Amino acid sequence: MAAAVIHRSMAALNPNAKEFIPLAKYVSSEHQTIINDLQLSLLAAEFPKFAVKSMAEVLYANDGDLMLTRHMLKEEEAIPWLQTGDAVASLYADMRKEAEDHALARDAYFEQARQANDVGNKVLAHQLIAKGSWHNEQMKDAHTKAAEAIFQQRNPPASRQRHPTLLDLHGLHVNEAILIVKRELAAIKNKYTKSKRKQIFLCVGTGHHSRTGHARLPSAIARYLLEEEHLYFTEARPGMLRIIS
């Protein structure tokens, strides 16, 4: 009888809903003390495109608050699919050109310095090392400027206005991304009151389009969130982390 009542509740939200979601299949017994089968079934009916496990994680993070969870899932549902691959590669190449030019010049001077040192010309080697070191500092400055430019391009004002807690980190090096995440998390925390639950999305990518095919950014950001920010997060979708605080 209870199952029939639940099924009718689901059908009222979604006429295509056909099954009752067994909570034990998706969450631990510890989580089941906070959320229940009916809540998860109703969410599954209203948001059929979401993975049940993902919805259970949001519901658990919200202490079983169904209305708040629905609001957050609707926010996530509105996030557009982001262009990656060639779009990021092109942006990266354009923005990093100055830094890469300095890197090439640095390497050339250092190689010349090595050759000069090998033939005993210490004075020339010292001069060449100084020039290479100058280009190295210029390269670092150029990368810093490029990182900010890439972040602004990937997170334009119009997008930030629609999705103020969505941070797209594509095109950033690990150390750059961590600094930007630290800055943006602080800004978001200051903007929202402590009493208001919020969710933040970090687009870290999957590594499919990286030069090595291995994504360093997701694991580095995850480690930073855990060890430095002490934040609870889950993977909302491949390449996107969700923080609820």
Side-chain angles (χ1 to χ4, degrees), residues 9-17 21 26-27 35 38-88 91 150-172 177 180-181 183-209 215 217-218 221-222 225 229 231-245:
S9 298
M10 292 170 63
L13 291 173
N14 182 350
N16 296 321
I21 303 298
Y26 296 96
V27 298
I35 62 181
L38 175 57
Q39 290 174 314
L40 198 55
S41 296
L42 292 173
L43 290 174
E46 187 173 1
F47 302 97
K49 294 182 180 180
F50 280 75
V52 175
K53 185 176 184 296
S54 178
M55 291 187 291
E57 289 169 342
V58 179
L59 186 59
Y60 173 72
N62 287 326
D63 298 325
D65 187 325
L66 187 62
M67 294 302 293
L68 180 57
T69 299
R70 290 179 67 248
H71 173 72
M72 287 188 172
L73 291 175
K74 286 180 179 179
E75 281 185 342
E76 183 180 342
E77 200 172 37
I79 294 175
W81 191 260
L82 301 174
Q83 282 190 326
T84 58
D86 292 343
V88 173
L91 178 63
I150 289 170
F151 180 75
Q152 295 302 329
Q153 283 270 76
R154 297 291 298 180
N155 300 267
S159 176
R160 295 301 299 274
Q161 188 171 7
R162 289 192 300 272
H163 309 288
T165 60
L166 172 65
L167 305 178
D168 183 357
L169 306 177
H170 282 95
L172 300 179
I180 286 176
V181 167
R183 180 190 74 194
E184 296 298 320
L185 287 180
I188 291 170
K189 288 175 184 176
N190 290 333
K191 182 177 180 180
Y192 291 88
T193 61
K194 290 184 178 180
S195 60
K196 184 177 180 181
R197 277 285 175 89
K198 58 189 174 296
Q199 63 179 347
I200 303 164
F201 296 99
L202 305 181
C203 299
V204 295
T206 59
H208 292 156
H209 305 290
L217 189 59
I221 293 297
L225 295 176
E229 298 286 347
L231 289 171
Y232 172 84
F233 68 91
T234 59
E235 190 175 49
R237 63 180 75 160
M240 181 185 288
L241 303 181
R242 179 203 295 114
I243 304 166
I244 296 180
S245 61

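Worth saying up front: this structure is predicted, and the values here are computed from it rather than measured.
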Within this structure, what is the [atom1]-[atom2] distance for the pair [X] and [Y], rounded to the nearest 0.5 Å?
X: L231; Y: K189; atom1: CG; atom2: NZ; result: 5.0 Å
X: H163; Y: D168; atom1: NE2; atom2: CG; result: 11.5 Å
X: L38; Y: L43; atom1: CG; atom2: CG; result: 9.5 Å
X: F47; Y: E77; atom1: CZ; atom2: CD; result: 5.5 Å
X: L42; Y: T69; atom1: CG; atom2: OG1; result: 11.5 Å
X: N62; Y: M72; atom1: CG; atom2: CE; result: 4.5 Å

Please report the closest heavy-atom contact between [X] and [Y], naming both atoms and the distance.
X: C203; Y: L82; answer: SG-CD1, 3.3 Å
X: P218; Y: G205; answer: CG-O, 3.3 Å
X: A236; Y: S54; answer: O-OG, 3.9 Å
X: E76; Y: F201; answer: CB-CZ, 3.7 Å
X: L217; Y: A177; answer: CD1-CB, 3.5 Å
X: L40; Y: V52; answer: CD2-CG1, 3.7 Å

Can you confirm whether I244 sits close enough to E57 that some side-chain heavy atom of one is under 4.5 Å from a side-chain heavy atom of the other?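 I244 vs E57: side chains apart.
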Would you say the side chain of M55 lies within less than 4.5 Å of the side chain of E46, judging by non-hydrogen atoms?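 No - every pair of side-chain heavy atoms lies 4.5 Å or more apart.
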Step through the shown structure and confirm whether more than 12 heavy atoms of other residues, nucleotides or ligands are within 6.0 Å of CD on Q161.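 Counting neighbours around CD of Q161, 12 or fewer heavy atoms of other residues, nucleotides or ligands fall under 6.0 Å, so no.
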Show your working on side chain to side chain contact (heavy atoms under 4.5 Å, CB included) between L202 and L225 and close with a plain yes or no. CA-CA 11 Å; L202 305 181; L225 295 176; 3.9 Å; yes
Give the intermediate values and the outcome of side chain to side chain contact (heavy atoms under 4.5 Å, CB included) for residues K191 and K198. CA-CA 11 Å; K191 182 177 180 180; K198 58 189 174 296; over 6 Å; no
Test R237 against W81 for side chain to side chain contact (heavy atoms under 4.5 Å, CB included), laying out the working first. CA-CA 11 Å; R237 63 180 75 160; W81 191 260; 3.8 Å; yes
Identify, with sequence neighbours excluded, every residue that meets side chain to side chain contact (heavy atoms under 4.5 Å, CB included) alongside R160.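 Partners of R160 by the side chain to side chain contact (heavy atoms under 4.5 Å, CB included) criterion, ordered by chain and then number, come out as F151, N155, L167, E184.
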Pair E229-I243, side chain to side chain contact (heavy atoms under 4.5 Å, CB included): steps then yes or no: CA-CA 11 Å; E229 298 286 347; I243 304 166; over 6 Å; no
Is D63 reaching over with its side chain to a backbone N or O of D65, donor-acceptor style, under 3.5 angstrom?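 A pair under 3.5 Å: no.
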If only side-chain N and O atoms count, and only distance matters, is there a donor-acceptor pair under 3.5 Å linking E75 with Q199?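 Yes - a donor-acceptor pair under 3.5 Å links their side chains.
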